[in-house]
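Encoded as structure tokens, the structure appears first; notes follow it.
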Amino acid sequence: MNDWVNPLRDPEDRRLPRIAGPCGMVLFGVTGDLSRKKVMPAIYDLANRGLLPPGFSLTGFARRDWADEDFAQVVHDSVKQHARTEFREEVWKQLAEGFRFVPGNFDDDVAFNTLRRTIEELDEVRGTGGNHAFYLAIPPGFFGDVVGQLKEHGLAQPAAGSWRRVVVEKPFGHDLESARELNGILADVFPSGSIFRIDHYLGKETVQNILALRFANAMFEPIWNSNYVDHVQITMAEDIGIGGRAGYYDGIGAARDVIQNHLMQLMSLVAMEEPTSFDAESLRVEKLKLLSSVTLPRRLDLATARGQYAAGWQGGDQVVGFLEEEGVRKTSHTETYAAVTLHVDNRRWAGVPFYLRTGKRLGRRVTEVAVVFKPAPHLPFNKTATEELTHNALVIRIQPDEGMTIRFGSKVPGTAMEIRDVNMDFAYGGSFTESSAEAYERLILDVLLGDPPLFPRHAEVEKSWQILDPVLDHWAKKGRPDQYEAGTWGPPSADKMMARDGRVWRRP
Ligand code: BG6
């Protein structure tokens, strides 16, 4: 554990900035998109906000013939292009002094010996205190090789009073079995408290705010159940296609990429019971209990939908279909749109379907949770007065345009009684002056602090696969997914899925 105590920080006072103690990070996969677009900029942003220790060190490891300066240049370019905060020369200079690069393959013993020596040198010259996080921004097929090498070369084992942690990115497997295997590989080398699985949705302010909304207020929880809630829609829509990620995405698809992790984590936070505290263990217990109550409808053909985007128009541009994207197999059955109906078999949610959907090349980029309420039990108006009234709804806007909307009926001004939907709005920008940090800033800082509540535990990951596996098996038997035109809201089968339940998808 980290023995370093920041004298300025009362550990009980969560309002004070949380600053990481002496430490360093080793980044595997420095040439990948994730490192360049998210990890490196987040590290700079943390340094710029004064949240990293002065001697923080970043060591890149990759199969490249680079010197430290070449690596520094790569980080520099990534920061310039993607950092959230302004570029400050003095911050950059101090940070860059801690950059090192170790060239090598994952099976190269000499390289891992060099890595060990590099870390020892950093402990000496930068005062990193033996505290190091190993960030595996690499395909999961290599996790075994890398953690095996870390173990072999004595890198996984901390000296007394210091820590070693491993950070892994999704996909955490492609089904229950492979997820178990992956967890086994990690657990072989690192104790569970030292394994940090990143689900970057949990690093988003708006996602954490679900807990504040539900458990810091009196007015929502009494109606947060099947007496009042008709159904819940969780949407993560993207307007982008797969970009240059065919190698990763083809064969994975929308359900594995997003539903198994981000959307099921969102659902857990929306539906779970109140945890006894916000420590990692209490949260895990509640999320796991919730996921254990989730069941699939019997008729998967009626309760799920999937699609593949075809060519179309997006924001005034003509775009190609999924099968025409570079690197995608021409006969691919990979879905780029997925929708599933889930039930929660417990007292609070019996009879309330949760509809989860995600897709690429949809009408616009939006992630939201919509809790849709039942109609009022009685309407003492004549029918025409409420013709335009729909269901009350509470919409948590995860992104963009972060905030919350409550939709309810209101009288239209005039001499007659006419009731129509109106929206009451909370927008982060209107209430807070601070802009939200990027999810990766929060999560990397938490890794360095050893603060685990925002990281899913292996049992949650496995439960989510257990829920999803039958859907994936069902789809695998069905051949090619339905097509939907780029820029629309998914395949007609998804609308039919809702229509069978007498409901409609929101058009955010
Ligand atoms: C990633 C998925 O986890 O989340 C991507 O692999 C997706 O396919 C991305 O584009 C979306 O993240 P965000 O934060 O932009 O919603």
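Numbers here are sequence positions counted from 1.
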Given the options D230, T341, V232, L342, P353 meets side chain to side chain contact (heavy atoms under 4.5 Å, CB included) only with T341

Begin with the C-alpha distance, continue with both residues' side-chain angles, and end with the deciding distance and a verdict on side chain to side chain contact (heavy atoms under 4.5 Å, CB included) for I259 and T358.
CA-CA 7 Å; I259 294 186; T358 183; 3.9 Å; yes

Check residues 318-328 and write down every donor-acceptor pair under 3.5 Å in which the side-chain atom is one partner and the other belongs to a residue at least two apart or another chain.
from : atom 1 : to   : atom 2 : distance (Å)
E324 : OE1    : G321 : N      : 2.8
E325 : OE2    : Y309 : OH     : 2.6

May I ask you to say whether R284 pairs ionically with E281, meaning some side-chain N is under 4.0 Å from a carboxylate O?
yes

May I ask you to say whether R348 pairs ionically with E273, meaning some side-chain N is under 4.0 Å from a carboxylate O?
yes

Salt-bridge criterion met for E368 and R397 (N-O under 4.0 Å)
no

I'd like to know if D77 pairs up with R36 as an ion pair, taking the criterion as any Lys NZ or Arg NE/NH1/NH2 lying under 4.0 Å from an Asp or Glu carboxylate oxygen.
no

Checking N105 now: which residues fulfil side-chain hydrogen bond (donor to acceptor under 3.5 Å, both in side chains) with it, not counting sequence neighbours?
none

Does some side-chain heavy atom of M267 sit less than 4.5 Å from a side-chain heavy atom of V294?
yes

Would you say the ring centers of F373 and Y228 fall short of 6.0 Å from each other?
no

Check whether R480 reaches the backbone of Q308 with its side chain - one donor and one acceptor, N or O, closer than 3.5 Å.
no

Does Y201 have K204 sitting over its ring (NZ/CZ under 6.0 Å from centre, angle to axis within 45°)?
yes

In terms of side-chain geometry, is the basic nitrogen of K463 or E460 positioned less than 4.0 Å from the acidic oxygen of its partner?
no

What's the shortest heavy-atom distance between H474 and T304, and which atoms?
CD2-OG1, 4.3 Å

F61, F106, F134 screened by ring pair (Phe, Tyr, Trp, His ring centres under 6.0 Å) with F112, the one that passes:
F61

Counting C-beta onward and ignoring hydrogens, is there a side-chain heavy-atom pair between I210 and L266 closer than 4.5 Å?
yes

Are the side chain of R361 and the backbone of Y484 linked by a donor-acceptor contact shorter than 3.5 Å?
no

I'd like to know if D451 and R165 make a salt bridge, using a cut-off of under 4.0 Å between side-chain N and carboxylate O.
no

Ring centre gap for F196 and Y135 strictly below 6.0 Å:
no

As a quick check of understanding, evaluate side chain to side chain contact (heavy atoms under 4.5 Å, CB included) for D45 and L51, giving each step before the final call.
CA-CA 9 Å; D45 287 326; L51 301 179; over 6 Å; no

